[in-house]
Protein chains: 2
Amino acid sequence: MNSFTEENYLKAIFKLSKHKEEVSTNAVADELNTKASSVTDMIKKLADKKLVNYAPYKGVNLTDAGRKIAVSVIRKHRLWEVFLVDKLKFKWDEVHDLAEELEHINSEELTERLEEFLEFPKYDPHGDPIPDKNGNIDRHKEQTLADLSINETGIIVGVKDHSKSYLNYLDNVGLVLGAEVQILGVVEFDNSMSISINKQGKTIISNQASKNLYIKKPN
Amino acid sequence: MNSFTEENYLKAIFKLSKHKEEVSTNAVADELNTKASSVTDMIKKLADKKLVNYAPYKGVNLTDAGRKIAVSVIRKHRLWEVFLVDKLKFKWDEVHDLAEELEHINSEELTERLEEFLEFPKYDPHGDPIPDKNGNIDRHKEQTLADLSINETGIIVGVKDHSKSYLNYLDNVGLVLGAEVQILGVVEFDNSMSISINKQGKTIISNQASKNLYIKKPN
DNA sequence: TAATATTTTTAGACTTATCTAAATTTATTT
DNA sequence: AAATAAATTTAGATAAGTCTAAAAATATTA
């Protein structure tokens with residue numbers, strides 16, 4: 001059995017591994033709001049358990065065993081988010097902290113029954129793919145709204161930034177999952193965009209906002 | 001904020017308070033499968049937080065603040081049990097350990113939405129009353145099957161023993177919540193009973209089994 | 001490449017919850 | 001009421017996870 005803390009470290013390392021092969025001590029410390037010295041200690045412990053590969057001063061990465069645990073935690077997190085939003089009617093900006101606790105309840109039986117109860121969702125309320133019970137994840141296509149050019153159209157399929165403030169803002173302007181966005185214009189100076197949402201009106205959004213929205217181009 | 005451990009101690013003291021006004025250190029140690037010395041330490045900590053009244057060598061009991069926390073944990077435990085049985089189709093003998101983890105997730109919002117989702121159940125799958133959000137509990141009528149005499153009839157409304165083996169046994173003989181039991185005979189020697197269940201057949205049950213079944217007499 | 005800056009690790013301390021063993025208090029017997 | 005037994009508390013250790021400050025390693029810059 002692994003503690004909540006160990007699971008959180010594995011999850012953080014998994015997340016950071018997307019950007020870099022070797023994850024630095026400081027990166028983990030930042031991600032978990034802790035100190036580098038604490039990270040070193042925990043990494044050694046995880047290395048003893050063969051959950052990470054670790055060479056002092058060189059960074060860490062997950063072993064297959066470590067990755068398996070990380071993915072299973074993410075799977076639970078995302079399933080619980082679906083439960084909270086679909087069944088308990090929470091909003092997408094309210095569920096992260098609760099899922100952060102629920103994800104550590106380790107029962108395969110519970111996870112599978114929950115998944116079935118939710119009718120095998122493929123994505124969580126933020127559009128992130130839910131790993132299946134074997135640990136396979138539908139890799140996110142990394143196209144964002146900021147990548148589109150004038151007159152192009154995209155369907156919102158996910159968000160990169162999960163902060164309350166961002167999600168709340170998106171709700172307010174109507175940029176929710178499934179919305180169809182068309183680029184009306186781009187300001188060269190700061191890359192802010194003028195867009196229409198579901199063929200309606202004209203909204204101005206910053207580059208910061210547009211590059212955190214995952215989209216899919218229509219077929 | 002209180003730790004999982006503190007909540008478990010409060011819950012244990014609450015449970016034991018039903019039988020005795022002052023709860024002994026050893027009783028708590030037994031209930032939580034820990035040592036008396038550990039209990040003494042934790043009780044002092046809870047006393048510092050004004051969650052229990054404690055006089056060395058004299059036992060503990062809960063303050064109003066402590067009782068409030070204990071009841072809220074029990075409320076969450078029982079609501080989650082309903083969720084696990086009604087929605088996820090677990091059996092009543094499978095849910096205790098999971099509810100034991102879920103009960104420590106502290107979010108009033110979550111608890112109230114869960115309660116609403118479950119349509120405000122009054123009892124958990126073992127027939128135990130679910131405290132309302134103000135901490136009021138429907139006190140259990142303490143009548144058991146063992147209290148009935150020949151030819152009397154009772155409806156099963158709860159179980160006192162929550163062990164897997166007992167619940168499993170009850171399932172096997174058909175002694176589930178709502179079943180109507182009539183006493184056909186009592187053996188004076190060991191107080192074992194011969195009963196009919198839902199007016200069907202004849203089953204022999206031990207005194208140990210009958211005194212752990214709460215019943216309600218028909219009106 | 002030498003000097004400086006940054007990152008990472010080590011050393012030692014602290015907190016929470018636990019334990020064993022010994023000491024103390026309360027309860028029970030004779 | 002004294003002696004013994006049982007229950008409870010204290011003292012000192014241990015393990016997990018964290019921290020600060022100092023030391024060591026690596027990276028950067030002039």
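So you know, we letter chains A, B, ... as the sequences are listed, proteins then strands, and number each from 1.
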**OP:** May I ask you to verify if any side-chain N or O of A:Y9 is less than 4.0 angstrom from the OP1 or OP2 atom of D:dT18?
**Re:** yes

Original post:
Is it true that the side chains of A:K49 and A:N2 contain a donor and an acceptor less than 3.5 Å apart?
Top reply: yes

Original post:
To the nearest angstrom, how far is B:K58 atom NZ from C:dT24 atom C1'?
Top reply: 14 Å

Subject >> N/O donor-acceptor pair, side chain A:S37 with base D:dT18, under 3.5 angstrom >> reply: no

**OP:** Grab the CD1-C1' distance between A:I43 and C:dT7 for me, whole Å please.
**Re:** 13 Å

**OP:** Could you check whether B:Y54 gets within reach of a base, just the sugar-phosphate, or nothing at all, counting any heavy atom under 4.0 Å?
**Re:** sugar-phosphate

**OP:** Give me the ring orientation class for A:H96 and A:H162: parallel if the planes are under 30° apart, tilted from 30 to 60°, perpendicular past 60°.
**Re:** perpendicular

Original post:
Picking from B:D124, B:L114, B:L98, what satisfies side chain to side chain contact (heavy atoms under 4.5 Å, CB included) with B:W80?
Top reply: B:L114

Subject >> Whether A:H126 and A:W92 hold their rings parallel, tilted or perpendicular, with breakpoints at 30° and 60° >> reply: parallel

Subject >> Distance in angstrom units between B:K35 NZ and D:dT14 P, rounded >> reply: 18 Å

Subject >> Closest listed nucleotide, where the reference is the side chain of A:S38 and the choices are D:dC19, C:dA21, D:dA24 >> reply: D:dC19

**OP:** Could you check whether B:T25 gets within reach of a base, just the sugar-phosphate, or nothing at all, counting any heavy atom under 4.0 Å?
**Re:** sugar-phosphate

Original post:
Does a side-chain N or O from A:T34 land closer than 4.0 Å to OP1 or OP2 of D:dC19, or not?
Top reply: yes

**OP:** For the side chain of A:D41, starting at C-beta, report the closest nucleotide among C:dT18, C:dT26, D:dT18.
**Re:** D:dT18

Subject >> For atom CE of B:M42 and atom C1' of D:dT8, their distance in whole Å >> reply: 17 Å

**OP:** Figure out the CG/C1' separation between A:D30 and C:dT6, and round it to whole Å.
**Re:** 14 Å

Subject >> Test: B:E152 and B:K217 ion pair at under 4.0 Å >> reply: yes

Original post:
Given atom OH of B:Y57 and atom P of C:dT28, what is their separation to the nearest angstrom?
Top reply: 16 Å

**OP:** Whole angstrom is fine here: how far is it from CG in B:N26 over to P in D:dA7?
**Re:** 6 Å

Original post:
What's the CD-P distance between B:E6 and C:dT18, to the nearest Å?
Top reply: 10 Å

Original post:
Which nucleotide in the list D:dT8, D:dT18, C:dT8 gets nearest to the side chain of A:T40?
Top reply: C:dT8

